[in-house]
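None of these values were measured; they are calculated from a predicted model. Every chain is numbered from 1, with letters handed out A, B, ... down the list of sequences.
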Amino acid sequence: GNSVTQMEGPVTLSEEAFLTINCTYTATGYPSLFWYVQYPGEGLQLLLKATKADDKGSNKGFEATYRKETTSFHLEKGSVQVSDSAVYFCALSQSGGSYIPTFGRGTSLIVHP
Amino acid sequence: GAVVSQHPSRVICKSGTSVKIECRSLDFQATTMFWYRQFPKQSLMLMATSNEGSKATYEQGVEKDKFLINHASLTLSTLTVTSAHPEDSSFYICSARSIERNYGYTFGSGTRLTVV
């Protein structure tokens, strides 16, 4: 079956530090990959996505590259801000993204001033 | 963009009472809606999938008589937690999918339920 594995958090960084949150997946075929962000007390928001190998998704300074050879979709940002503090979920979906997503456990990011 | 409104955002109820949570798609028709439960520091657990006008499909281990789901229209789905107990306290999130929106998923802002 499908599964998503994320690095355990929390990840604690100082403002302007470099961020990497690791995500690897197991799936049949060629799933679409997503990163969602959940701010405190809110629902999930789609942050970025990639639908095929070597695609790079990017949004708000975050980016992630679909690596089929390593089955990974690591999230990166060059310089984090306090406002980036949230929980980040990696997810995959089959059939071009039309199937219900399978989520990872989420990684909490805490950014200190 | 696509917006899903979920209400209420927070609710506190007494044990034994029922609570209804609403999920509305504001600017699109949601052919399918999903209900999730999120435990502290854990991922989202899919509870059930509902298609407009049909009975909901529940995931294994989810009590359908306790978590009643109604999807009476293309813009509204409701989750009713019946005879609530403290262990039902959780964060519930709905998600809507639309053919118009290329099958994209849009999430509601969630409901924090506390049963006392």
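Looking at B/Q6, neither its backbone nor its side chain comes within 4.5 Å of chain A, counting heavy atoms on both sides. Of the two parts of A/Y39, neither the backbone nor the side chain holds a non-hydrogen atom closer than 4.5 Å to a non-hydrogen atom of chain B. Both the backbone and the side chain of A/F103 come within contact range of chain B, with heavy atoms under 4.5 Å apart. Within the 4.5 angstrom heavy-atom criterion, no atom of A/Q6 approaches chain B.
Atom CD in A/Q38 sits 5.5 Å away from atom CZ in B/F91 (nearest 0.5 Å). The CG atom of B/L44 sits 11.5 Å away from atom OG1 of A/T102, with the distance rounded to the nearest 0.5 Å.
Within a 6.0 Å sphere centred on CD of B/E59, other residues, nucleotides and ligands contribute more than 12 heavy atoms. Atom NE2 of A/H112 has more than 12 neighbouring heavy atoms from other residues, nucleotides or ligands inside a 6.0 Å radius. Counted within 6.0 Å of NZ on B/K66, heavy atoms from surrounding residues, nucleotides or ligands total more than 12; the atom is thus considered enclosed. Surrounding NZ of A/K49 are at most 12 heavy atoms belonging to other residues, nucleotides or ligands under 6.0 Å away. No more than 12 heavy atoms of other residues, nucleotides or ligands sit less than 6.0 Å from atom CD of A/E8.
A/L44 and B/F107 make their closest contact through O-CB, 3.3 Å (heavy atoms, listed as atom of the first residue, atom of the second, distance).
Note on B/L68 and B/I21: separate hydrophobic clusters, where clusters join Ile, Leu, Val, Met, Phe, Trp and Tyr whose side-chain heavy atoms are under 4.5 Å apart, directly or indirectly.
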